[in-house]
Amino acid sequence: MASASIPVYNRSNNPLENSSSQNDPSVTLNVPLGAIGRVEKMGGASSRGENSYGLDITCKDMRNLRFALKQEGHSRRDIFDILFRYAFPLSHGLLLFAYLSQEKYEENGWSVYKPMEEFRRQGLPTDKWRITFINDNYELCDTYPTILVVPFKATEEDLRKVSTFRSRGRIPVLSWIHRENQAVICRCSQPLVGMSGKRNKDDERYLDVIREANGTAKLTIYDARPSVNAVANKATGGGYEGDDTYQNAELVFLDIHNIHVMRESLKKLKDIVYPNVEESHWLSSLESTHWLEHIKLVLSGAIQVADKISGGNSVVVHCSDGWDRTAQLTSLAMLMLDSHYRTLRGFQVLLEKEWISFGHKFASRIGHGDKNHADQDRSPIFVQFIDCVWQMTKQFPTAFEFNERLLMTILDHLFSCRFGTFLYNCESARDTNEVRSKTVSLWSLVNSDSTSYLNPFYTPESSRVLYPVASMRHLELWVTYYIRWNPRIRQQQQSPVEQRYMELLALRDEYLKKLEELQLTDSSPNSSHLSNSSASNAASPTQHINHLHTPF
Amino acid sequence: MFDGRVLLKQVILLFWPLISTWVQGAEKIDSCQLQVLEMLSSLGSAGGKSAKPSFVSYVTPEEIKSEKEPSRKEKHPDLLPGEVVFCSASTVLKYTQDDLSQRGVFGVLLCTNFRVSFVSDEEPTEEMVRTLFKNKLYGENDIPLSCVDNIYGDKRKLITGGLVKNKYPSKMIIHCKDLRVFQFSLSFSKEEDAKKIFQGIVHHCLEPKSLRCLFAFSYCENTSPNRKCVGGLFTKLLRKKQTVMFDSVEDWTQDMKRTKGNCRVVSENSNFELSPKLPQYFIVPKNVSDEDLTKYQGKGLPMWCWSHHSGCALFKTASIPLVQEDNVCCRMLTAVAHNHLYSVKTEDLSDTLPTVQDILLSYNKFKQFFLIDNTTEFWMSDMKWFSSLDNCGWLDIIRQCLQKAVEVVESLEKENTNVLIMEEGGSDLCCVVSSLVQLMLDPYYRTLLGFQSLVQKEWVAGGHAFLDRSNHLHLKDKVESQSPVFLLFLECVWQLQQQHGPAFQFSETYLTVLSDSVHVPVFTTFLFNNDGHRDSLLRAESPHTQRSPLNCPTVWDWSVQFDCKAQDLFTNPLYTEKPKQDTSVRKSYRPRHLRQLSLPSSAFKTPPKKGFFKDEADNLKKILGVKRLSRWMLSPSSDSPQTSSSVREFYEAWQTKPLDYHGLLLPCLDGPSIRVWMQRYLRWIHDVQILGGGPVAMLSKVSEILGEVQELQRQLDRHGCTLTSNHKGARPRAKTAAAVIAARSSVRLSSSFPFVTSRNWAFKPAIPTSLLQSLMVTGMPGNLADREDDGGPESLV
């Protein structure tokens, strides 16, 4: 049980592998057990036909595997039992692989994110915003982190009162502050308005305090949901901030659909790309999945948030519970606004902060180690977010320090259960299960080998706000992720542009060195100090000179 | 010069009735006068009535008076040699395209014999003056007359020529063939002026005219000898030494030798005795008899395109409608088969590819997605973008052409059979497919000059009817023959280029500019239907009939349009030349054979279905005698599913080998791989410009470093250091855009670089409007869309 993956020999009838497997019958596949979503037996004892009897494995990473087995000897039962048991350890009272892994890395990824440090980087606390430890024992809100930033004017008592009016106690807290104009992004869950249209003076005052903090006339509340859904939520006790009750606030619905819609959309996408890319009317099929339209809506929502902030207005973002769509919107807006998050380390901080610490329900959405593949709580919200990031890196190829490989690695380990990073639903659960002490962080892997996740084209531009174009004209399907299991999609280690760039960089260095050497030989030893350009590297000139053929 | 011309025109206009009678009798007449008269007479005839109304309609005494005022003259754009202003109107409002608001700039709208031009009243700011990628012939507010696609009036009513009477719309929208959209308001101008300019523009842009009226002729007559000398030396060098024009026996012989072809150069048509429709010079299989050369005006003659290193070759032909009794097509086929190992495969493109009308229809739908009048409309259409794209079929046509080319490549490369492609005229899809095949197989054609030579060979000499296909003259009887076939070819090249960037020496920008140049009526390249047509017209138009024919520039004289710095953007910084050590190792090195697939050693192994063998020839001749060509020909795609799977296998086999950019290149034809040519189609649409992003952000970094490397190289060279060429081909040679890019590093590049600079952009992001209306999530099981994310406890059960 030392390994989380099963190297298996594909004796499958997978149509994609057919032609290649004729030449090379032993194809090695590596599938992390964590990526397995469902294992099924196909065919029974009476099955006829070559490949009708075997195992069918549905993976969470956009592929299905089929293994044809021989009927004699009941070999299938053993492999099925083992797979089922170890692919879904939590359903069988076993530990997730992250707790068994003995991996050692130079870097400790758990030290990447320190909330206090991150808030200090943003310039917090200020005279308007303070840091509170009210949630130290997860008493105010069990799905929030322990350290929160709230308006200076709001007392701990106020926070408690507000928490009664916000779904699951997820009160509006500061997520990001603009250094110059002091506009803030706050995140929370929906207000508990209900059918009767309840009001809560504390909540109303609290939002107004947020508005006041940088002295703008209006606070913009972005409700990520379509307005119909927000209205429907009243029936279950939720709702939205009414115009009449929240005086100095405007409410904007961003029309992003719920987790179920996203799940179905990705399912449809998988249908048209796996195992074969839909041939006829590819574009219409793509459109019918709505996947890119959802991406467009999420991105344009984030653009609106970022635009408001740039204009100096504070915003509050929420959806229903404030852990799915809200996390998408705030983190994307911050990626647009704050160049720090576009660095390799900064991006890790962003994920740790907006997704992990603020309680995106990774365990429920991914279903780590859980056999219940039809669980309605599962949804590719985080995959969708990473896709949005990819779209941004595609549109701004020089603005991000990290490369596509990082995004792919993150998604692979979102499922793999090899690292503790994406396990559990919130910080309190992670504390209980001692994730930090008993598992390795994904960032340990990444930061121990950071060069392979760097984008050579990265050009830091610190003050720049990135607005991607949220038009279908520019959104593309992330072929190298969603269709990567198709052998006809060429998997290039490096894009040709990158390859050429690296070649040229190497050539430049080589020429520079040559030139330096030449300058050294040209100048006679006693005048070498005159060539100041090469002074820094002239420590041991004799070594270089030896290699060169001098005309004298 | 100019003043005199205008004055002369005015004089002629005023005394038109007198002069016209005089002209008819006059033998010799100044070319300048003839020019004007030509224009006037065409104007008159177009109206279908006497010359008088149209004369009145656009030049009046008032205008002549006002033009004499110096203040008005300043409002002209810098006129080109031979350019004459027809009419103008002041206080025209040009809307800024970005929004629905009525904001705009006032200025003078003019119509000349070359362009519709808008000259802003506002003083150009310093920033605007240093436009980086400036076309020397026309500016950003100029529309060459042939570039006007459609004109719309109020309520988006399509204006068609001839119907314009005394009315004029208050708002005029001009859609250009290079996809720019201009909107002018005429409601602030004097009524007379507005009427004149509207009618003038409609007349000169939409109504039939004679070829002589195209600007090229007056431009070429009037380009001063001085200018010719300065530019001429350079351009001559370019022409003679580099771009092969295929207008001489030597050019053809050279190309055949280069590919080790073994055919026969025909020079019997050098004065178009055989047929004016045939190229001046061409190559046919050795076995074609002199007798057959003269038959059927060249129809059915297999014209050599390119020879594969194995000896087999690609031929194209115009199909003969019905086979005559003398079995000509049988003889032709035998002749082709004789070229190499008696194997031949034929493909009638008329049967398997869309017709030129299909191409036009599809493109007309496609281009509408980019001719954006207002942003609301644009965002409304955004949600349905993919399906609209699918429905117009343009990408599919591109795919089909590429696929056909791959099929031909497979026959040549894998089966080593001769291939004869045919279609009715032999000069549309034959040109597309044959040029694509050569691009895929022969790296020479992926160089800048190689590509230009390819266009000369297959399209210009090959007799593609550029004039009819673009219908520059708006002839009513040519409306049917209009079709963007050449653009389709460029689209296919772009697909190849975006899939295999480093294989091409020229850039995306080059292709975009080339596609625009088709609509600039200055270059002889695109003005004629074939060699014979060009020859006869240029000869006839020469002012001095005794001397050489009129010398017009070809499009390859890039200095006519762009200065050197701008031309640097035509090269691709990713391109590297073939590593040099190969040549030093063995002299007989042939660059295009590096990537051979494991081939059957002889064509005799190919399945009989695909090739013909000597002993079958008699049998074959029997079939040949009676049936239509296209019938008996074993058209590979008659059983298309099989073919496409064979193509797929061919592609997959190729793909498993390491990629060599100097070897065989095949395109991936899967759905996601065929894309929209963003630079060409989205460059003018403000809302989709990625400010500071797009592929150019990366490419400019490559160019930057390339510039540094070149500078270092120069320094090293100065030190007398001979750099050995073992740098994996990375040693750059071509001049690049590095300097240009470095100079503008302060300017933020956008995804529409270099066509639009970022100066005017607001920093406001474009926020899609009308989102929810268009995204209706339907067909969700159990109303999932209405459900709660982490619903009530009931859903958790």
Side-chain angles (χ1 to χ4, degrees), chain A residues 19 226 229 232-233 236 255 257-261 264 277-279 281-284 286-287 290 293 296-297 300 303-304 307 320-321 324 376-377 395-399 457 464 467-474 477 479 483 488 490 496-497 500-501 503-505 507-508 511-512 514-515 518 522, chain B residues 382-387 389-391 395 501-502 573-574 576 649 652 655 668 670-672 682 687-695 697-699 701-702 705-706 708-709 712-713 715-716 719 721 727-728 730-731 764-768 771-772 775 777 780 784-790 792 795:
Chain A
S19 54
N229 294 37
N233 258 294
T236 52
D255 302 332
H257 281 281
N258 66 23
I259 63 164
H260 311 291
V261 173
E264 296 309 310
V277 176
E278 181 78 33
E279 293 242 342
H281 298 289
W282 157 253
L283 291 169
S284 299
L286 181 62
E287 185 176 280
H290 296 295
E293 290 165 50
K296 168 184 164 150
L297 285 165
S300 51
I303 291 170
Q304 291 176 61
D307 184 41
S320 295
D321 291 305
D324 292 309
Q376 294 287 299
D377 267 355
Q395 292 194 14
F396 298 99
T398 59
F457 295 104
R464 171 146 171 237
Y467 291 121
V469 176
S471 159
M472 301 309 282
R473 269 82 163 175
H474 278 304
L477 183 70
V479 168
I483 320 188
R488 262 192 294 161
R490 192 182 280 273
V497 191
R500 171 81 168 136
Y501 190 63
E503 268 172 28
L504 285 170
L505 282 178
L507 204 58
R508 182 184 66 176
Y511 285 178
L512 274 174
K514 270 210 183 112
L515 203 62
L518 281 169
D522 281 357
Chain B
D382 202 46
M383 280 300 191
K384 289 274 157 250
W385 163 244
F386 286 118
S387 53
L389 201 56
D390 212 4
N391 293 336
L395 293 186
L574 299 182
T576 50
E649 267 171 42
E652 276 168 9
Q655 200 203 19
C668 178
D670 280 348
L682 294 183
D687 272 18
V688 287
Q689 299 317 323
I690 307 169
L691 187 56
M698 229 174 353
L699 286 179
K701 291 211 74 158
V702 175
I705 201 90
L706 188 55
E708 270 179 61
V709 167
L712 285 169
Q713 232 165 34
Q715 283 182 32
L716 282 171
H719 279 83
C721 174
H727 297 301
K728 294 180 227 141
R731 186 176 171 168
K764 284 295 269 186
I767 293 165
L771 290 173
L772 185 64
L775 178 58
V777 183
M780 283 284 154
L784 284 177
D786 308 331
R787 284 255 286 279
E788 257 297 83
D789 270 359
D790 294 283
S795 75

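Values in this document were obtained by computation on a predicted structure and should not be read as measured data. Below, each value reflects all heavy atoms present in this structure, side chains not excepted, and no hydrogens, waters or symmetry copies.
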- Query: Hey, is the main chain of B:Val688 close enough, under 3.5 Å, to the side chain of A:His474 for a donor-acceptor pair?
  - Reply: yes
Here the pair of heavy atoms bringing A:Thr398 nearest to B:Ala697 is CG2-O, 3.5 Å
Between the OH atom in A:Tyr501 and the CG atom in B:Leu699, the distance rounded to the nearest 0.5 Å is 11.5 Å
Rounding to 0.5 Å, atoms CD1 (B:Ile705) and CZ (A:Phe457) come to a distance of 10.0 Å
- Could you walk me through whether A:Leu518 and B:Gln715 pass side-chain contact (heavy atoms from CB on, under 4.5 Å), step by step? CA-CA 10 Å; A:Leu518 281 169; B:Gln715 283 182 32; over 6 Å; no
On a heavy-atom basis, the closest approach of B:Gly693 and A:Phe396 is CA-CD2, 3.8 Å
Cut-off 4.5 Å, heavy atoms of chain B, and the answer for A:Val497 is both
| message | Could you walk me through whether A:Tyr511 and B:Val709 satisfy the side-chain contact (heavy atoms from CB on, under 4.5 Å) test, starting with their C-alpha distance in whole Å, then the side-chain angles of each, then the deciding distance to 0.1 Å, before giving a yes or no? | response | CA-CA 7 Å; A:Tyr511 285 178; B:Val709 167; 3.7 Å; yes
Rounding to 0.5 Å, atoms CE (B:Met383) and CG (A:Leu297) come to a distance of 4.5 Å
Scored by heavy-atom pairs under 4.5 Å with chain B, the best of A:Leu512, A:Asn229, A:Asn233 is A:Asn233
Scored by heavy-atom pairs under 4.5 Å with chain A, the best of B:Gly501, B:Gly694, B:Cys668 is B:Gly694
Side chain to side chain contact (heavy atoms under 4.5 Å, CB included) test vs B:Phe386 passes for just one of A:Arg473, A:Glu293, A:Glu287, namely A:Glu287
So, the part of B:Asp382 with a heavy atom under 4.5 Å from chain A: the answer is both
* To do: Step by step, work out the side-chain contact (heavy atoms from CB on, under 4.5 Å) result for B:Asp687 and A:Val469.
  => CA-CA 8 Å; B:Asp687 272 18; A:Val469 176; over 6 Å; no
Applying a strict 4.5 Å limit to non-hydrogen atoms, the region of A:Leu515 in contact with chain B is both
To the nearest 0.5 Å, atom CG of B:Leu682 lies from atom OG of A:Ser471 at 7.5 Å
Note: vs chain B, highest number of non-hydrogen pairs under 4.5 angstrom among A:Pro397, A:Ala232, A:Ser320 is A:Pro397
Note: vs chain A, highest number of non-hydrogen pairs under 4.5 angstrom among B:Leu712, B:Ile690, B:Asp670 is B:Ile690
Rounded to the nearest 0.5 angstrom, the NZ-CG distance for B:Lys701 and A:Leu504 is 13.0 Å
